[in-house]
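For reference, the structure is listed below as structure tokens.
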Amino acid sequence: MSQVEPVMPTGSSPKGAASVEMKQVVKAFGEHVVLDKLDLDVDPGEVVVIIGPSGSGKTTILRVVMTLERIDEGHIRIGDRQLYHEEKEGQLIKASEKHIREVRSDISMVFQHFNLFPHMSAQRNVMLAPIKVRGHTEDQAAENAKRLLDRVGLGDKLDHRPSELSGGQKQRVAIARSLAMEPRVMLFDEVTSALDPELVGEVLNVLRELAASGDMTMMMVTHEMGFASEMADRVLMFDKGTILEQGPPEQIFKDPQQERTKNFLKAVLSH
Amino acid sequence: MQTRWDWEYAFEILPDMVQGMLITIAVTLIGIVIAVILGLFLALGRRSSLKWLSYPTAWFIEFVRSTPLLIQIYMLFYALPATDLPRWLTTWPAFVTMFVALGIHYGCYASEAYRAGIESVPRGQWEASTSLNLKIKTTWRSVILPQAIPRSLPPLGNYFVAMFKDAPIGSAIALSGVLFVARAFQSADFRTVEPFTIAGLLFLAVSVPAAAFVRRLERRVAYESS
């Protein structure tokens with residue numbers, strides 16, 4: 001097992017963007033190795049865009065950080081805390097569910113298919129977790145939800161059920177719902193892929209605003225290459241379980257080094 | 001033995017027949033309450049990640065669903081009091097035996113209805129709950145069950161109509177429900193046409209509206225979840 005540095009207090013405030021550090025992370029589904037000893041460091045406040053062919057496992061990177069899939073080997077650190085391990089008598093041991101829950105409160109994910117709660121209004125969707133998890137009062141949560149829905153341009157849709165909203169509006173509610181938990185790391189899994197083309201822009205505008213605020217670290221899987229080149233601090237080309245190459249967007253998009261990256265970009269940009 | 005319909009006799013026995021039907025209905029209603037609650041716990045127990053809970057629950061459901069209701073009634077009414085357990089614990093009136101038996105029997109069917117409802121909730125709902133760091137209890141209560149239960153209602157309704165039609169089996173342990181009353185008239189007066197026809201009509205009078213209600217429920221749930 002690889003060596004892991006002892007947990008160092010960084011003096012960072014409890015909130016604010018957190019780093020993500022993945023070390024030798026392995027995830028396999030049966031015979032199929034999806035993450036093959038993946039190393040990835042993301043700085044606090046950094047916007048990292050992950051691109052790559054479908055089936056390359058790029059979504060799995062987000063899913064293991066969100067704990068939707070558990071890793072087989074390796075370590076993941078969020079800020080100064082290990083996600084899947086905790087320290088006991090100077091040794092790193094497998095974390096309890098309680099520890100995982102605690103660290104997970106720093107992370108939130110937005111999904112391709114929104115996954116809004118269909119039986120609740122937009123405002124209720126945003127209020128649920130703050131009330132149930134963070135113990136906010138009804139009034140506090142309602143107020144905050146209204147502010148967040150305003151921020152994503154849906155201040156007039158508070159009482160609408162998801163079924164009464166367009167795809168772009170649903171996705172903006174989903175983003176507001178995640179923001180309500182004040183995550184230090186936000187994960188975006190192809191959040192515009194299920195949208196009609198004319199609705200993509202309104203969601204990208206919200207993401208742009210979030211990226212500019214620097215309040216959180218953002219990791220996103222996307223096929224929006226234009227958006228990636230505009231917003232990303234760093235682009236990762238992911239293929240066959242590993243990072244094929246990475247760098248600032250201008251380098252990856254204008255001057256890719258790897259043949260597979262060139263072919264991938266050619267295929268994506270030509271359609 | 002006469003076979004001609006005698007109106008005068010029919011009206012004479014009607015009050016007793018209705019009273020018997022009220023007992024049949026009462027047993028069914030209490031049985032429904034038990035089945036609704038027990039079924040939910042069985043469904044959750046079966047889904048549990050704790051093997052010591054999920055395995056016995058699955059066996060229990062399988063056992064109850066694979067054996068006839070009448071045998072379960074006899075087990076509760078005759079076999080249970082024959083055990084060494086204290087009498088006050090094992091010896092129940094026929095009325096109690098009957099609603100407990102119906103509740104357990106249909107609770108197992110109800111658990112399957114709940115299970116189908118729970119499984120119809122998309123995985124994304126669980127994932128969104130994890131992403132919001134909801135506790136498992138909150139996820140069940142606020143996210144999964146409010147979506148699963150409405151979808152379980154139509155099949156539950158069908159089971160409860162079936163339960164009502166099984167309730168006359170109580171006459172096997174001398175519960176004075178509608179069938180028992182009809183048979184009492186048969187043996188006392190040697191008449192068969194009126195008592196059993198009235199019993200059938202009384203069932204019809206309850207079952208048909210109940211089934212119509214379930215169909216309306218089905219349409220409404222289909223409409224709301226579309």
Side-chain angles (χ1 to χ4, degrees), chain A residues 59 62-70 78 97-98 100-120 124-135 161-163 170-171 173-189 191 194, chain B residues 36 39-40 43-45 47-54 113-157 216-226:
Chain A
T59 287
L62 304 186
R63 291 176 62 85
V64 296
V65 173
M66 193 65 255
T67 72
L68 298 175
E69 314 279 358
R70 299 298 166 97
I78 308 296
E97 284 305 307
K98 183 168 167 285
I100 290 176
R101 250 184 69 78
E102 227 172 273
V103 180
R104 188 164 62 200
S105 68
D106 284 346
I107 315 163
S108 195
M109 180 155 167
V110 182
F111 300 88
Q112 180 178 1
H113 296 290
F114 330 123
N115 298 346
L116 289 180
F117 304 134
H119 54 301
M120 297 178 196
R124 279 276 151 199
N125 263 276
V126 182
M127 289 165 68
L128 179 71
I131 291 174
K132 299 289 185 185
V133 181
R134 308 183 69 200
R161 292 276 183 105
S163 60
K170 281 183 208 173
Q171 197 56 293
V173 173
I175 292 169
R177 182 175 69 171
S178 276
L179 288 174
M181 293 303 280
E182 299 177 12
R184 307 171 69 194
V185 176
M186 254 178 107
L187 312 170
F188 297 87
D189 183 18
V191 294
Chain B
V36 161
L40 185 57
L44 296 178
R47 270 193 70 103
S48 170
S49 53
L50 308 167
K51 284 201 168 70
W52 60 263
L53 183 60
S54 65
Y114 285 122
R115 185 166 77 143
I118 290 165
E119 279 169 7
S120 76
V121 177
R123 204 171 59 150
Q125 296 289 304
W126 292 94
E127 296 188 344
S129 302
T130 302
S131 147
L132 294 169
N133 215 15
L134 299 182
K135 291 196 192 76
I136 188 73
K137 207 171 75 183
T138 311
T139 303
W140 276 112
R141 267 204 248 166
S142 302
V143 179
I144 305 302
L145 290 181
Q147 297 181 64
I149 288 178
R151 286 176 225 188
S152 312
L153 290 181
L156 280 180
R216 251 188 66 183
L217 201 66
E218 250 162 20
R219 276 202 302 273
R220 205 173 130 191
V221 170
Y223 170 76
E224 282 190 356
S225 57
S226 68

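First the proteins, then the strands, lettered A, B, ... as listed; each starts at 1.
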Less than 4.5 Å to any heavy atom of chain A: does that hold for the side chain of B/Thr138, its backbone, both, or neither? side chain
Return the CG to CD1 distance between B/Asn133 and A/Ile100, rounded to the nearest 0.5 Å. 11.0 Å
For each of A/Met109, A/His119, A/Met181, tally heavy-atom pairs with chain B at distances under 4.5 Å, and name the one with the top tally. A/His119
Name the region of A/His113, side chain, backbone, both or neither, that has any atom closer than 4.5 Å to a heavy atom of chain B. neither
I need the full list of ring pair (Phe, Tyr, Trp, His ring centres under 6.0 Å) pairs touching residues 120-156 of chain B, with sequence neighbours left out, sorted by first then second residue. B/Trp126-B/Trp140
Ignoring hydrogens and angles, tell me if any N or O in the side chain of A/Arg104 forms a donor-acceptor pair with the backbone of B/Ser131 under 3.5 Å. no
Please flag which part of A/Phe117 lies under 4.5 Å from any non-hydrogen atom of chain B: side chain, backbone, both or neither. both
Atom CZ of B/Arg216 with >12 non-hydrogen neighbours under 6.0 angstrom: no
Gap between atom OG of B/Ser142 and atom CZ of A/Arg124 - 0.5 Å precision: 10.0 Å
For a quick test of reading the model, state the closest non-hydrogen atom pair linking A/Leu116 to B/Gln125 and the distance between them. O-NE2, 2.8 Å
Compare all side-chain heavy atoms of A/Val133 with those of B/Leu132 and state whether any distance is below 4.5 angstrom. no
Contacting region of A/Leu187 [heavy-atom separation from chain B under 4.5 Å]: neither
Which pairs, with at least one residue in residues 121-147 of chain B and sequence neighbours excluded, count as a salt bridge (Lys or Arg N to Asp or Glu O under 4.0 Å)? A/Arg63-B/Glu127, B/Arg123-B/Glu127
